[in-house]
Amino acid sequence: MTDKKNPSIWAFISKWIFIPLALIAIFMIYWGVAGPKLIIIEPVKQGKRAATGVVSNLDLSAGTLQLDVDEAGKKEQWKVVFKPNVETFYYEVVADSPDLKERLKTTLDKDPELLKDGITLTVIGPKSANEIKANNIHIGGAYNPPEVQQRKENVSTYNTADKLCIACVGLGDSEMIWLWYLLYILMGFLAVYGIVEVITRRRGAA
Amino acid sequence: MSELIKKITKKLPPGEFRIQVRIWVQWAFLALAAGPLFVLAPVVKQIPAPWYVCWSCPTASAACPLGNMQHFTASGDFAFYTIGFLALIGILIGRMTCGWTCPMGFLQEMLYKAKRYGSIIVGILIFGTTMFLAWFTPFMGMIRADMGESYGLSYLLKSGQMNMFTWWLLGYIAISLALSIPFFLPSKKFHLPNNLASYTRWFFFLIPFILFPIITRFVPQADGTMKLLEGQVWWCKICPVGTITAGFPQMYLQLLPQSAFPLFGLTSTAFIGVSTYQGIFGEARIMYFLKWVMTSGLLYAMVNSVRFFCKGICPLGTFFTVFNWFSSDKIKVDQANCRGSSCNWCLKHCPMDIAIYDPTAQWHCIRCLDCLGCPFNVVTHEVTPVFAWATRKPDKKVIPLKTPNGPNNPDFFQWAGFVSYTPPQARD
């Protein structure tokens, strides 16, 4: 903003500060990519329409199973009712890269062997009392897919959008109260803006 | 080919030629960010894009930078790679990426320029999509089949609940009309004041983008203690860009069979969204409805106020804003010879609706370079001496004022708006 005839300390800073800042940014990129620490995303086991647990008492012909959920020591049992053609998602190791698994879709009547006692799965569907009617089943768990258990800041983490799938489309289990908080705070911001406007205009007029 | 280029450049004055170039660059980045170049996703999706397209967009080729930052904030980590990458871009070119590469910015410019036609097209899209969602999804959260076979109006029709079907159909038609009719009515273009835009943009950046993912990590337990869990990605939950580029395209894609996608051989990368999100019709309930209403309102604002989202909301733009003052490229105004508000040529031609001679408006400058067409040649694009070799000197000389303004160069505090500054006044 300053011209060449009137150099000032601000002009000097604005002209050259980009060099140290760029070096810091480059170091941040290096640190992010090279960070060796593992992160394990803590699975969300209970939602308003979802539960993740271990299967027992499976009865394929009757279309029922028992789901034993252990949420940080708090144990619950759900009776899961499902149709033979319920949508079922499962993971399979990607042929070219054994470290990655991809999520595939099928129906239970096509691949009944996917479901067995002792495995972990997530059931999504309406809950009532101790029963869930399954809209779809995620073998291995829906909210802790293997893809997100990556190294911290490993660039492969950016290759998955699984974690945000509910956020971008469904918002199925969102707490709406936060939306109201957001609106209240927005109104507060606008009120502050209005007050500042009034004060500065009065000053200007004076 | 070179003949053709010569003809084009001869016909167009330099300023207009620059605008043409920018439009073609924007088309190219649209193709890369959310278009046919999605085939590059296996490589490009490793990089947080300096533009704004949801990474769940079926044809997104890069990772959403805001989604990344939210992800790490909610996990209690600092996104070194993402923030470092974006900061490097900001340090080098400031907000230029908003003006030249961002598909959302391009969409807004097109909508605004299309005027009446753009408004009508968006109105039709909103009506059609609302009815589509009403037919296939619970949408308002009240029509739901128990076993996941069908939702919405289609469920009521199949189950023979004709009375309820009729009422819900009429209700949804009313909602669709309410959302879309404003687009068909005559409307007046409006201007979002710069200082209000600064307030709202920092609000969205600080509250839902930074604060909410952090405070939602603290979950009270039954025994009165507080446990640190995974926070919620709140910006993504309300993100209108997510709704426009991922939310409803994903809904439309639900109509296609799963078998359509592996044909491309990219199910785990470019089509990760499509391959992952099958069976999401049931998720579009009351929050989706609210999100859709917000997005419709925002689209109305976009049609009637140029780059409304960039100016008043975009957290990515807010992030880049910080770097505008010390980035290695700058827009400079010869304040001594600027005609200021008596001319306002730059204001009339600016896609961000700002007067470039006003330093406090520089927060909003997206370096589109349209203002370099200033008829008095007082606006120049300057890069740091390190990169001076890559630019050419202005080929026009400044047309001076008869009585130039006094030395009136704003410093950082004036630029940031902390200290008042009087821009050039009407003269000559």
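Excluded from the calculations below are hydrogen atoms, water molecules and symmetry mates; all remaining heavy atoms, backbone and side chain alike, are included. All of these numbers come straight from a predicted model, not from anything done at the bench. Chain letters run A, B, ... following the sequence lines, proteins first and then strands; every chain starts at 1.
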Quick one: what part of A/L190 sits under 4.5 Å from any heavy atom of chain B, side chain, backbone, both or neither?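 It is the side chain, since no backbone atom gets that close.
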Relative to chain B, which segment of A/I29 carries a heavy atom at a distance below 4.5 Å: side chain, backbone, both, or neither?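 It is both, since atoms from each part get that close.
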Do B/F212 and A/I185 pass the side-chain contact (heavy atoms from CB on, under 4.5 Å) test, and can you show the C-alpha distance, the side-chain angles, and the key distance before you say yes or no? CA-CA 12 Å; B/F212 277 10; A/I185 299 169; 4.2 Å; yes
Return the option, out of B/S198, B/G84, B/P208, B/A87, with the maximum number of heavy-atom pairs under 4.5 Å with chain A.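 Looking at each option in turn, the highest pair count goes to B/G84.
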Only pairs of heavy atoms separated by less than 4.5 Å count here; which of B/L211, B/T245, B/I207, B/L196 has the most with chain A?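 That would be B/L196.
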Can you tell me which portion of B/T137 sits under 4.5 Å from chain A's heavy atoms? Options are side chain, backbone, both or neither.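 For B/T137, no heavy atom lies under 4.5 Å from chain A.
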Engaged part of B/I83 at the chain A interface, taking heavy atoms whose separation is under 4.5 Å: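 Backbone plus side chain of B/I83, per the 4.5 Å heavy-atom cut-off to chain A.
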Quick one: [atom1] on [X] to [atom2] on [Y], what's the gap to the nearest 0.5 Å?
X: B/T200; Y: A/F189; atom1: OG1; atom2: CZ; result: 9.5 Å
X: A/N135; Y: B/Y151; atom1: CG; atom2: OH; result: 3.5 Å
X: A/M28; Y: B/F78; atom1: CE; atom2: CZ; result: 4.0 Å
X: B/L88; Y: A/F27; atom1: CG; atom2: CZ; result: 14.5 Å

Set out, in order, the CA-CA distance, both residues' side-chain angles and the distance that settles ring-ring contact (aromatic ring centres under 6.0 Å, His included) for B/Y199 and A/Y193, then state yes or no. CA-CA 7 Å; B/Y199 268 84; A/Y193 166 74; 5.3 Å; yes
Indicate yes or no: at least one non-hydrogen side-chain atom of A/W16 is less than 4.5 angstrom from one of B/S328.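 Counting from C-beta outward, A/W16 and B/S328 never come under 4.5 Å.
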